[in-house]
Amino acid sequence: MYATSMGDELLAAVASLLIKARRYKLPEQFMKEYMKDVMVKLPLLNNYVEYWAQKAPDKEAMIQHEDGKVVTYGKFKTLIDFFALKLLDMGIGKGDRVATQLVLIPEHIIFMYACFKIGAIIAPLDLRLKEDEVVRDLGKIKPKAFFFLGKTPVIDFTKIGEAVRDRCPYVEHLVQFTSDPKPGDIIPGAISITELMNKGRLLWLKIKNVFTRKLERVYAEIGPRTPALIIYTTGTTGEPKPAVLCHENILVQNELLSRGTNLSSDMRVLINLPPSHVGCVTELFMTTTYRGGTSVFLRVFDVALTLEAIEKWSINALGQIPTQFRMLWAHKNYAKYNLGSLKFVAYAGSAVDVEFLKKLSKMAPRFGTGIGMTENAGFATFTPEGISIEEMVGQVGQAYPDLAPVTIRSPMKEDGLAGEELPVGEVGEICYHPPIVFLGYFNQPEETSKAISKEGILYTGDLGYFKEMGSYRALYLSGRRKFVIKQKGYNVFPDEIESFIASMEGVDVAEVVGMPHRVFDEGIFAFVRPVAGISLTPETVMDYCKSIAAYKRPQYVEIWPADKLLPLTRSTKVDKLALKELATEIIKGLREKGKWDSVTGQG
């Protein structure tokens with residue numbers, strides 16, 4: 001139970017009342033007794049929509065920047081019920097999967113919460129997936145329904161809908177998000193969202209439910225550990241895996257992020273990340289809803305629209321990956337936008353240097369970062385408020401042991417038990433503890449057992465160590481276990497080398513990969529992108545690296561064009577595998593000249 005995990009007696013009482021009440025509305029006496037404080041711990045994601053709909057029904061919950069559409073908390077709650085009734089009408093119930101491939105719009109979010117309410121598990125897919133990839137990923141969870149877009153100026157999603165119709169026989173309902181379709185717009189075998197949400201039918205379902213109380217009975221069966229959301233991992237090795245998250249996982253992460261950011265119900269957050277990623281859904285949107293704030297949506301990320309939305313809607317909180325911040329700063333009209341409303345900005349996904357943090361500090365008076373992953377619904381740590389830039393650089397924040405402990409451990413044992421916890425200062429694998437740990441990969445018990453120990457401890461694949469900072473204990477990231485470079489008998493952590501090279505004047509970004517080397521087992525190959533307008537040479541970078549231990553120095557430096565983005569994964573992290581493929585081609589040429597496998601390096 002979420003209550004037990006949080007160690008909160010009040011929460012236990014709330015959870016017990018909510019689960020046993022089987023009431024459509026929260027009881028009046030309950031509201032008076034238990035909802036006096038701004039933040040009351042509730043067991044289900046939907047409870048927070050209900051709470052804020054009761055407390056501030058006319059407050060904006062969601063705003064669509066492109067068209068100005070507003071959904072209040074009161075309307076949010078009402079529409080969840082309508083959508084939930086329609087899902088039940090379609091024969092979708094607890095445990096069934098529903099997949100979507102949609103942009104970030106209020107209707108998409110409302111469908112998510114409708115699924116949560118009836119116990120269906122929703123899986124939002126990445127918009128960039130092609131037909132074969134969608135069919136592959138759907139095959140892993142076999143959803144009953146698939147919601148998809150129609151023809152757009154960028155992609156014709158009807159081709160994907162046709163592929164699902166023809167190749168996924170388990171999908172019983174194809175719903176195309178084309179509003180007011182013209183003849184021929186909807187693919188054969190699908191229905192439009194307009195037809196699905198026929199107002200007359202919805203009204204009938206609502207009236208019928210007054211007598212049957214089916215929705216209330218179904219909702220009463222939902223608990224904190226009920227599977228709610230599937231987010232596909234988008235790591236750098238292997239196929240994406242469907243990670244199953246429950247209410248408890250997400251809500252603990254919401255509380256953790258709330259503490260880290262220290263934002264209140266007046267928060268207005270701009271969300272420009274894809275709904276197939278925890279950064280969008282569980283971190284930004286659900287934490288904002290948890291706090292009773294307002295979320296402003298962009299359908300898809302756009303630099304100019306991001307800057308425009310911050311100014312127009314007086315956005316006071318923004319969370320992005322470092323690449324997105326760099327793109328904002330590089331926009332030709334960046335200085336013309338009024339971003340003075342920003343109070344807090346957060347970055348995550350990759351390491352940054354002092355210069356990056358200095359630029360970030362000019363955007364907002366408060367800023368921070370943390371670390372986490374899909375499998376723990378987002379953040380597991382966050383940096384303390386008020387620390388200096390110099391103290392922040394290199395670390396990924398502090399853990400919150402009362403919510404979800406973080407430990408550094410030796411590798412998982414062969415019998416599936418967790419390895420020993422390592423002392424402060426020693427590098428090991430970063431591990432997360434319940435209740436923030438996901439339920440597992442859907443129908444993939446072997447993969448799940450590789451990630452979660454028998455005690456329920458999640459092995460992240462990230463290597464790091466704790467460092468005592470006086471008033472708190474900071475977590476430092478050393479790199480990914482699978483990307484540690486074995487050179488000259490040493491373990492070399494890419495993050496350390498990347499941070500060092502990035503500290504060089506004129507360097508914007510540095511990325512390092514290990515490549516097969518006939519002398520050193522693995523050679524260090526560095527991709528270095530200069531700041532726009534700065535001329536860098538491999539020789540100057542190599543010379544700068546003479547200040548670090550010899551076994552940490554790159555064997556080769558490739559200068560990346562300043563105006564070109566590094567390859568990214570679907571979760572917008574730098575794609576190390578793509579860089580390794582590029583390095584392989586470059587090394588072929590070097591080897592033909594007898595230069596890569598030399599002792600000195602940089603042929």
Side-chain angles (χ1 to χ4, degrees), residues 235-238 322-323 326 350-353 355 394 427 461 463 477-569 573-603:
T236 48
T237 59
T323 298
R326 294 187 182 101
S350 62
V352 301
D353 57 13
E355 288 306 312
V427 174
L463 298 177
L477 185 65
S478 298
R480 291 291 289 169
R481 179 181 60 197
K482 57 194 172 190
F483 291 129
V484 171
I485 301 169
K486 309 284 187 179
Q487 182 173 225
K488 302 179 184 178
Y490 295 94
N491 286 335
V492 180
F493 301 110
D495 286 45
E496 180 185 359
I497 306 170
E498 290 163 359
S499 296
F500 179 81
I501 296 175
S503 68
M504 177 181 175
E505 186 175 354
V507 172
D508 184 26
V509 178
E511 293 291 336
V512 168
V513 294
M515 300 300 296
H517 193 284
R518 290 167 187 163
V519 177
F520 302 138
D521 292 325
E522 280 191 292
I524 299 171
F525 194 110
F527 292 89
V528 180
R529 187 176 71 194
V531 174
I534 299 295
S535 178
L536 282 180
T537 66
E539 291 73 23
T540 57
V541 176
M542 294 283 283
D543 189 59
Y544 184 77
C545 289
K546 289 180 180 178
S547 299
I548 56 176
Y551 67 88
K552 298 179 183 179
R553 298 172 194 166
Q555 271 65 52
Y556 190 83
V557 174
E558 178 76 7
I559 301 299
W560 193 268
D563 60 350
K564 183 181 177 183
L565 289 176
L566 289 158
L568 302 175
T569 66
K573 295 181 180 180
V574 173
D575 191 337
K576 294 281 191 178
L577 289 186
L579 290 180
K580 287 174 79 75
E581 290 175 5
L582 291 171
T584 297
E585 293 303 311
I586 295 171
I587 288 171
K588 283 181 182 178
L590 293 173
R591 277 189 167 139
E592 289 175 0
K593 300 174 184 177
K595 293 182 176 180
W596 167 250
D597 297 301
S598 66
V599 176
T600 56
Q602 198 70 29

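Just so it is clear, the structure is predicted and the values come from calculations on it, not from any experiment.
I534 CD1 to R529 CZ: the interatomic distance, rounded to the nearest 0.5 Å, is 14.0 Å. Distance check: M515 CE to I587 CD1 gives 4.0 Å after rounding to the nearest 0.5 Å. Interatomic distance, T540 OG1 to E505 CD, rounded to the nearest 0.5 Å: 11.5 Å. From L590, atom CG reaches atom CD of E585 across 11.5 Å, with rounding to the nearest 0.5 Å. To the nearest 0.5 Å, atom CG of residue L582 and atom CG of residue L566 are 9.5 Å apart.
In this structure, M504 and L536 approach most closely via the heavy-atom pair CE-CD2, 3.9 Å. Taking both residues in full, the closest heavy atoms of A502 and A510 are given as N-CB, 4.3 Å, listed atom of the first, atom of the second, then distance. Closest approach of D508 to D353, counting heavy atoms only: O-OD2, 4.4 Å. For the residue pair K552 and I497, the shortest heavy atom distance occurs at O-CD1, 3.4 Å. The two residues S478 and D495 have their closest heavy-atom pair at O-CB, 3.6 Å. Heavy atoms only, all atoms of each residue included: E522 and H517 are closest at C-CB, 3.6 Å.
Counting only heavy atoms from C-beta outward, the side chains of R553 and I524 never approach each other to under 4.5 Å. In this structure, P322 and V509 have side chains that are not in contact, with every pair of non-hydrogen atoms separated by 4.5 Å or more. Looking only at side-chain heavy atoms (C-beta outward), V528 and E558 stay at 4.5 Å or farther from each other. When side chains are defined from C-beta on, W596 does not count as touching I586, because their heavy atoms never get closer than 4.5 Å. V513 is not listed as a side-chain neighbour of P494, based on a closest heavy-atom distance of 4.5 Å or more.
Judged purely by atom type and a 3.5 angstrom limit, K580 uses its side chain to pair as donor or acceptor with the backbone of G514. A donor-acceptor contact shorter than 3.5 Å links the side chain of S503 to the backbone of F500.
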Exercise for the section: Any chance you could lay out the side chain to side chain contact (heavy atoms under 4.5 Å, CB included) test for V512 and I485, step after step, and finish with the verdict? Expected result: CA-CA 9 Å; V512 168; I485 301 169; 3.8 Å; yes
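Note: F525 and Y556 have tilted aromatic rings, judged against thresholds of 30 and 60 degrees for the angle between ring planes.
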